[in-house]
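Comments concern the structure below.
Indexing begins at 1, ligand by ligand and atom by atom, following the structure's order. What you are looking at is a predicted structure, and each value in this text was computed from that prediction instead of being measured.
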Amino acid sequence: MNSINGKTRTLGLIGNPVAHTMSPFIHALLAEAMGINAVYVPFHVEKGALEAAIDGAKALSLLGNNVTVPYKVDVLPLLDVVSENAKMIGAVNTLKYVDGKSFGYNTDVDGLKTSCLKNGIVFEHKTVCILGAGGAAKATVILCAQMKVGKMFIVNRTIEKAFQLQQTVQKYFDLDVEVITYEELTSIEKLDICFQTTSIGLHPNSNISPILSPSFFNKVEWAVDAIYNPSETKFLRDAKAHGAHTLNGLGMLFYQAIKAFELWHDVVIPDAIQKVSFQKFNDFVYNR
Ligand code: NDP
């Protein structure tokens, strides 16, 4: 751990609640590995105090913040500059303050992208399906569109939200996007990637899955879950049992932090450091 002194860069998470966050662990790990004098702390921000928190962060010359639930959307109008990805997704998870100005980014797309690519997932021309239409789904559909998938299905309990997401994608990309129901999933012949972005299966509800009939996975090549707690959801267990490759959400979480770290500190973290740090983070999360 770096020792704190007069030159320490201060960063932190803005959200409510923040007590569960693992970001301080990741950023301490990366700062130490990169030899950067920085500290990352959780900031609990009460409802109605978001603007004051951003102003305060700027006034205190913080280097940056992550933003989490429930402020990822609310923070947008408070910022001076918003990145293209964050605009498309309609949510910001990373802030950087430069010369009194606030810059907003969304590094969830980068996190999911790196996690998928490092595991050998190919997007180009593939048929993909996204279960869910919340925040994680937005980052997933934008990534899939940017990576030039061939065909996209969106499935969500509240179908209006799925149609909104379809409109968002088609506003920015020329892509074949279809909204279907969970029942209609059975009629798809083959799926290259099925992304699970709902909160179904999250600890402690580890015995439920949005896919009720596990034989569905016979036609799925890759099953990717945004959830990382538990490490293997029922969605992933069923997929694996039916021969699909599986990937949980830990990599997405880790690599969004890598991207945020690189933005804040203007560095590129070498692959070898990323690999060792991910292994340490994995051990911290699953072998404590
Ligand atoms: P949101 O609240 O924005 O969206 C939740 C989604 O889950 C909605 O599509 C909602 O459907 C669906 N859903 C919830 N309960 C049910 C249910 N009982 N039946 C059917 N659908 C349901 O959450 P997020 O998108 O922010 O997060 C979703 C998951 O992704 C969480 O588990 C979170 O931990 C994980 N996540 C992981 C990240 C990572 O880095 N690995 C990053 C962000 C999120 P409806 O619209 O009908 O309500």
Which atom pairs, one a donor and one an acceptor, fall under 3.5 Å between side chains of residues 114-135 and the rest of the protein, sequence neighbours left out?
unit_1 : atom_1 : unit_2 : atom_2 : d
Thr114 : OG1    : Asp110 : O      : 2.9
Asn119 : ND2    : Ser115 : O      : 2.8

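- Ion pairing between a basic and an acidic side chain is recognised when a charged N comes within 4.0 Å of a carboxylate O; Asp192 and Lys190 show such pairing.
- Within 4.0 Å of ligand 1, protein heavy atoms come from Gly132, Ala133, Gly134, Gly135, Ala136, Asn156, Arg157, Thr158, Lys161, Thr197, Thr198, Ser199, Ile200, Leu202, Ala226, Ile227, Tyr228, Gly249, Met252, Leu253.
- Between the side chains of Thr168 and Gln166, no donor N or O sits under 3.5 Å from an acceptor N or O.
- A salt bridge does not link Asp271 with Lys275: none of the charged nitrogens is closer than 4.0 Å to a carboxylate oxygen.
- Taken from CG in Asp108 to CE in Met252, the straight-line distance is 4.5 Å, to the nearest 0.5 Å.
- Residues Thr68 and Leu13 are in side-chain contact: their nearest non-hydrogen atoms beyond the backbone lie under 4.5 Å apart.
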